[in-house]
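None of these values were measured; they are calculated from a predicted model. Within every chain, numbering begins at 1; the chains are lettered A, B, ... in the order of the sequence lines, protein sequences first and strands thereafter.
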There are 2 protein chains.
Amino acid sequence: MKTAAVPADDQIDISTQSIRDSIRDAIVDRRLAPGTKLSEADVGALFNVSRTLVRAALQALAYEGLVNVEKNRGAFVAYPSPEEARQIFATRRLIEPGILREAAKHMGPSHLQHLRQLLMEEGRLMAERGQTARRAEIKASGDFHLMLASMTRNAVMQRFMDELVARSSLVIALYGQSAISSCGHQEHHDIVTAIENGDLDRACHLMIHHIDHIEADLDMRENKGSDLREAFGL
Amino acid sequence: MKTAAVPADDQIDISTQSIRDSIRDAIVDRRLAPGTKLSEADVGALFNVSRTLVRAALQALAYEGLVNVEKNRGAFVAYPSPEEARQIFATRRLIEPGILREAAKHMGPSHLQHLRQLLMEEGRLMAERGQTARRAEIKASGDFHLMLASMTRNAVMQRFMDELVARSSLVIALYGQSAISSCGHQEHHDIVTAIENGDLDRACHLMIHHIDHIEADLDMRENKGSDLREAFGL
DNA sequence: GTGCAAACAATCGTATACAATTTGATCATA
DNA sequence: TATGATCAAATTGTATACGATTGTTTGCAC
């Protein structure tokens with residue numbers, strides 16, 4: 001019985017969407033370790049719903065790439081291979097500069113204000129100690145990219161970025177080494193500054209380097225943690 | 001009914017995936033008109049499966065943006081609004097040049113051969129008459145972009161393009177006016193030529209213009225066909 | 001004839017039941 | 001003891017059953 005603790009309590013009227021979000025958050029926040037089995041019955045018991053709803057949630061998460069469902073075996077928190085990780089970051093490098101430019105088109109002073117505010121919060125969390133603050137910091141770091149995506153006013157791009165950021169979190173959870181984001185945080189600030197100055201070329205340049213840095217901080221040698229699975233090409 | 005029926009007809013082992021693909025193809029091929037209701041019971045009867053599997057398929061399609069599920073009302077073939085259409089093409093403009101460059105990295109003579117071959121087939125279908133040939137032509141047109149995506153060797157990008165091309169087909173089905181693709185076909189050829197010549201800048205340029213042309217051919221005034229739905233902001 | 005309300009029908013939302021498959025354990029045998 | 005076959009327990013795959021919601025029709029009052 002290795003299923004993780006998720007806010008259980010006596011919740012009623014929890015629908016598929018809520019379950020999906022709860023599991024999603026738990027995965028992205030690293031409360032659920034990659035590879036963890038998500039038994040339909042167990043999860044259902046936690047949320048006091050039937051397997052039907054759990055199944056729907058797990059299938060949706062599988063589509064997002066956050067869980068793998070193996071036929072007749074069950075659903076597991078995704079365990080991205082180094083190759084998958086590479087593809088995820090390659091995709092981000094490809095689309096985030098475009099998102100930046102698109103977002104800048106619609107950006108007014110209030111939007112810049114919001115971005116700065118988010119970065120302040122991020123910085124505040126970095127100063128704190130503790131697992132909780134650390135998770136919140138990582139989340140805030142991703143939220144910066146998501147906020148930029150939301151400023152494109154393009155729902156499609158937003159959804160793509162949602163998926164990319166979520167999967168990136170998983171990858172970082174698996175292969176990240178340093179306390180990193182210290183530099184990442186500064187890079188966020190620099191990007192906003194470049195936008196403020198109207199220097200979009202520079203902003204894009206910084207964004208690409210930022211993504212490069214995140215990826216460079218990963219140690220993607222196989223057998224990290226308790227892997228063994230990808231090690232044999234499965 | 002139900003009398004120990006031998007695995008009826010040719011249909012055995014139809015799983016969620018097959019149903020999803022069948023419906024997907026039908027939508028993209030315009031055999032299912034936008035707005036058509038997809039009753040769980042009806043679809044299930046067609047495929048001789050229970051509502052459970054149909055539901056799963058419809059939910060997956062909803063995630064792809066090909067059907068809308070309205071709570072307690074059912075699933076309908078998506079009816080993209082002009083705004084959605086705009087967002088879809090904006091996203092394509094944003095990522096397809098990048099895909100082009102990425103694909104070019106891995107492209108050898110055999111790949112170019114494949115692309116040319118696909119274009120030949122596309123051209124052949126354009127010459128023919130009839131609804132079937134017309135559908136095949138539109139499909140082939142989309143396949144060109146999908147083949148480029150597959151050459152990136154990046155599963156994430158591939159999936160994004162899958163979704164974008166499918167939804168584009170839907171939009172074109174709704175708002176397309178001219179017999180179009182005549183010029184689109186030539187543009188495909190030009191793009192391949194540019195790649196062959198190693199002139200990626202030109203290829204990207206052509207790609208963006210190609211997408212512009214597709215979008216420009218749409219007549220997205222509301223009330224197209226039997227709409228009335230979006231006309232009231234629903 | 002019009003307008004509203006209540007019953008009816010159809011469809012979806014969720015839970016449960018049963019079948020199929022996998023997994024792990026037990027036991028026989030060399 | 002090591003190996004392999006057979007069986008039992010657990011878990012997923014699919015179907016069905018029942019309750020809830022929505023849309024339509026009917027009937028009554030005005």
Self-check item: B:Gln17 CD - D:dT14 P separation (whole Å)
Solution: 12 Å
Exercise. Please give the angle, rounded to 10 degrees, between the axes at the start and the end of the helix from C:dG1-D:dC30 to C:dA30-D:dT1, where five pairs define each axis.
Key: 10°
Self-check item: Between C:dG13 (P) and B:Leu58 (CG): distance, integer Å
Solution: 10 Å
Exercise. Search all heavy atoms of A:Arg24 against all heavy atoms of A:Ala166 and return the closest pair with its distance.
Key: NH2-CB, 4.0 Å
Practice problem: Figure out the CG/C1' separation between B:Leu53 and C:dG13, and round it to whole Å. | Solution: 16 Å
Self-check item: Length of the line joining B:Phe76:CZ and C:dT11:C1', which is rounded to integer Å
Solution: 10 Å
Practice problem: Using heavy atoms to find the nearest nucleotide of DNA chain C for B:Leu38 and B:Thr52 separately, return the residue whose nucleotide is more 5′. | Solution: B:Leu38
Quiz prompt | Electrostatic pair A:Glu163:A:Arg159 at N-O distance under 4.0 angstrom | solution = no
Exercise. Describe, in one word, how the ring planes of A:His145 and A:His210 are oriented to each other, choosing from parallel (under 30°), tilted (30 to 60°) and perpendicular (over 60°).
Key: parallel
Quiz prompt | A:Arg93 bridged to A:Asp212 by N-O distance under 4.0 Å | solution = yes
Could you run down the sub-3.5 Å N/O contacts of the protein with nucleotides 18-22 of chain D?
residue	atom	partner	partner atom	Å
D:dT21	O3'	B:Asn72	ND2	3.4

Exercise. Applying salt bridge (Lys or Arg N to Asp or Glu O under 4.0 Å), name anything that partners B:Arg153, two or more places apart in sequence or on another chain.
Key: none
Self-check item: Rounded distance [0.5 Å steps], CE in B:Met157 versus CG in B:Leu148
Solution: 12.5 Å
Quiz item: Could you state the interatomic distance from CE (A:Met147) to CD (A:Gln117), rounded to the nearest 0.5 Å?
Solution: 8.0 Å
Quiz item: Separation of B:Glu40 atom CD from D:dT16 atom P, in whole Å?
Solution: 15 Å
Quiz item: Taking the side chain of A:Ser50 as heavy atoms from C-beta outward, which of D:dA15, D:dT11, C:dT14 is closest to it?
Solution: C:dT14
